[in-house]
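What's counted below: heavy atoms across the whole structure, side chains too, no hydrogens, waters or symmetry copies.
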Amino acid sequence: MHCKMRRKSMFDLTVLGQQAKQSARQLALMSTKRKNELLALMAQAILDNETTILAANQKDLAHAKDNGVTTVMQDRLRLTPERIEEMAAGMRQVIQLPDPIGEVEKMWKNSDGLMIGRQKVPLGVIGIIYESRPNVTTDAASLCFKTGNAVILRGGKEAFYSNQILVTILQKALKDAGVDENAIQFVADTSHEVANQMMRLTAYLDVLIPRGGAGLIRRVKETATVPVIETGTGNNHIYVDKDAQLEMAINITDNAKTQRPSVCNAAETLLIHQDVAAEFLPKIAAKLAEHNVELHADERAMQYLPNAIAATESDWSTEYLDYIMAVKVVDSITEAIDHINRYNTKHSEAIITDNYFASQKFLNEVDAAAVYVNASTRFTDGFVFGFGAEIGISTQKLHARGPMGLEELTSTKYIIYGDGQIRQ
């Protein structure tokens, strides 16, 4: 069965590309009003089909359990009525956001009398390869649709049934409204062979966005011939400065690590200034113990953490996505920043301090897409930032960085008005 599916999908991937290219041309000309009407219909269709979606998700969860997927990773996969409501709410929030397409950023007259403007346009056809979380399906579909981009979605095997039914529902809503349903398409094959083919689909894809673990991101970067916007893993840090309010630091660290440890904006390493280590570490250990967090501590931190495991070099660069946290005592904010810039994945970093100068040093010197003062890293999220949803958190520096919303899914073209000018 899987072999037949694979052969069919490898052939159909080109067909999907052709269909997406054609649909993208129509989408690029669609009015904001019409796009918003269709997004509302798709959001409602998600709510109307809650029972069907949950049934498909249960099949994915059953397979996950059979395959020994951890409880934490199952949480990434699980859909509930509340999470389905959040998915629809995210789509509706996209409706409320200004449509960037067609916007002329600026216009000027040159020495030849030409009026030159720079206008925002869709990227075209976007391919997205992602893992585990079904909400990525609706987030990506709504943001791409609003910006006039056709999208080809290739989710991971863990969420196959959930992703497939979500795309089917979205496509039906479009088709029932008399719109080309190929604006949103799904790759019904989770094999590496088809993923590799998608990474090289240069004739049809204008950009490829991977969203998942370090292994997926690395494979896409090494394999793809399609231009890639890299969304990164989250080896994120909390640094507790010598001038921190310790109760605040406990609450923020606990939230950043335990509120949802399976996501990329969860904290993985805790750095503590030596001046507050003796007081702070036993308190944070007791708090994290309520969630059975396993601490991997350096030699200095071990003095205050008798139940911790001795940290190894690999702990500083590991994205656990679990109830595990690395702990290190540092001599200064400079040492903390050096450690972060050496080991982090450029995602989200936080300092807890009441010292203004320390906070500014941290903001200025830490290299990451999102840098916080006295707040949890868990806020790095397109929905929280007011983008309605997100395609992912870009950790690169070209074109897009941080949560990717509507603006990051556009390109530009120059429009020029003349009245008969020729170049001499």
Side-chain angles (χ1 to χ4, degrees), residues 234-259 261 265-320 322-345 347-368 370-380:
N235 185 27
N236 309 316
H237 300 71
I238 302 288
Y239 166 58
V240 180
D241 188 44
K242 63 184 178 65
D243 296 313
Q245 294 182 40
L246 297 190
E247 195 60 36
M248 177 194 290
I250 289 168
N251 291 334
I252 289 174
T253 304
D254 179 51
N255 177 263
K257 177 71 264 182
T258 70
Q259 198 239 355
N265 55 24
E268 304 291 16
T269 298
L270 174 63
L271 303 174
I272 310 96
H273 194 285
Q274 62 175 356
D275 290 1
V276 294
E279 182 180 357
F280 178 73
L281 282 174
K283 292 180 178 179
I284 190 60
K287 185 65 175 177
L288 295 176
E290 295 174 10
H291 301 274
N292 297 313
V293 175
E294 181 178 281
L295 300 178
H296 294 198
D298 76 337
E299 186 175 349
R300 295 169 74 186
M302 288 283 280
Q303 301 174 55
Y304 314 106
L305 302 171
N307 297 321
I309 295 170
T312 64
E313 177 63 24
S314 65
D315 282 303
W316 311 128
S317 55
T318 298
E319 183 188 29
Y320 300 111
D322 204 343
Y323 290 100
I324 305 171
M325 194 170 207
V327 184
K328 181 179 178 65
V329 174
V330 295
D331 291 332
S332 65
I333 185 174
T334 298
E335 184 183 348
I337 291 171
D338 288 345
H339 180 96
I340 290 169
N341 287 338
R342 177 179 177 183
Y343 293 103
N344 79 340
T345 52
H347 195 296
S348 300
E349 306 296 344
I351 181 174
I352 317 302
T353 187
D354 279 348
N355 186 313
Y356 172 79
F357 297 103
S359 70
Q360 294 309 296
K361 180 179 176 67
F362 195 85
L363 290 172
N364 291 334
E365 297 183 20
V366 167
D367 184 11
V371 186
Y372 294 85
V373 176
N374 296 333
S376 171
T377 58
R378 284 284 289 115
F379 287 108
T380 308

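Considering only heavy atoms from C-beta on, Trp316 comes within 4.5 Å of Asp298 through its side chain. Side chains of Val373 and Phe362 form no contact here, defined as non-hydrogen atoms less than 4.5 Å apart. Two residues are said to be in side-chain contact when any heavy atoms from C-beta on lie closer than 4.5 Å; Asn265 and His347 meet this criterion. Looking at Lys257 and His291, their side chains never come closer than 4.5 Å, going by heavy atoms from C-beta outward.
Judged purely by distance below 3.5 Å, without hydrogens or angles, the side chains of Tyr239 and Glu335 never pair a donor atom with an acceptor atom.
With Glu349 as reference, Asn344 is the one residue of Asn344, Asn235, Asn341 to meet the side chain to side chain donor-acceptor pair (under 3.5 Å) rule.
Under the 3.5 Å distance criterion, the side-chain polar atoms of Lys361 are left unmatched by any main-chain donor or acceptor of Tyr356. Between the Asn236 side chain and the Ala267 main chain, no donor and acceptor come within less than 3.5 Å of each other. Side-chain N or O atoms of Lys328 include none that pairs as donor or acceptor with a backbone N or O of Leu271 at under 3.5 Å. Formation of a donor-acceptor pair under 3.5 Å by the Asp315 side chain with backbone atoms of Ala326 is not found in this model.
Here the CG-CD1 distance, from Asp241 to Ile272, works out to 12.0 Å after rounding to the nearest 0.5 Å. Once rounded to the nearest 0.5 Å, the distance linking OG1 of Thr318 with CD of Glu313 reads 9.5 Å. Separating the OH atom in Tyr320 from the OG1 atom in Thr269 is a distance of 6.0 Å, to the nearest 0.5 Å. Once rounded to the nearest 0.5 Å, the distance linking CD1 of Ile340 with CD1 of Ile238 reads 9.0 Å. Between the OG1 atom in Thr377 and the CD atom in Gln259 there is a gap of 10.0 Å [rounded to 0.5 Å].
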Cut-off 3.5 Å, no hydrogens considered: what does the side-chain donor-acceptor table look like for residues 299-311, sequence neighbours left out?
{"unit_1": "Arg300", "atom_1": "NH1", "unit_2": "Asp331", "atom_2": "OD1", "d": "2.9"}
{"unit_1": "Arg300", "atom_1": "NH2", "unit_2": "Gln274", "atom_2": "OE1", "d": "2.9"}
{"unit_1": "Arg300", "atom_1": "NH2", "unit_2": "Asp331", "atom_2": "OD1", "d": "2.8"}
{"unit_1": "Gln303", "atom_1": "NE2", "unit_2": "Arg300", "atom_2": "O", "d": "3.3"}

Side-chain donor-acceptor pairs of residues 243-255 under 3.5 Å, sequence neighbours excluded:
{"unit_1": "Asp243", "atom_1": "OD2", "unit_2": "Asn355", "atom_2": "ND2", "d": "3.1"}
{"unit_1": "Gln245", "atom_1": "NE2", "unit_2": "Asp354", "atom_2": "OD1", "d": "3.3"}
{"unit_1": "Gln245", "atom_1": "NE2", "unit_2": "Asp354", "atom_2": "OD2", "d": "3.1"}
{"unit_1": "Asn251", "atom_1": "ND2", "unit_2": "Glu247", "atom_2": "O", "d": "3.4"}
{"unit_1": "Thr253", "atom_1": "OG1", "unit_2": "Ala249", "atom_2": "O", "d": "2.7"}
{"unit_1": "Asp254", "atom_1": "OD1", "unit_2": "Thr258", "atom_2": "OG1", "d": "3.1"}
{"unit_1": "Asn255", "atom_1": "OD1", "unit_2": "Ser376", "atom_2": "OG", "d": "2.7"}

Please tabulate, for side-chain N and O atoms in residues 279-288, each donor-acceptor pair with protein atoms closer than 3.5 Å (sequence neighbours left out).
{"unit_1": "Glu279", "atom_1": "OE2", "unit_2": "Lys283", "atom_2": "NZ", "d": "3.3"}

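The two residues Ala375 and Ile352 have their closest heavy-atom pair at N-CD1, 4.4 Å. Of all heavy-atom pairs spanning Ile324 and Glu268, the tightest one is O-OE1, 3.9 Å. Heavy-atom minimum distance, Val330 versus Ala336: CG2-CB, 4.1 Å.
At most 12 non-hydrogen atoms from other residues, nucleotides or ligands lie less than 6.0 angstrom from CZ of Phe379.
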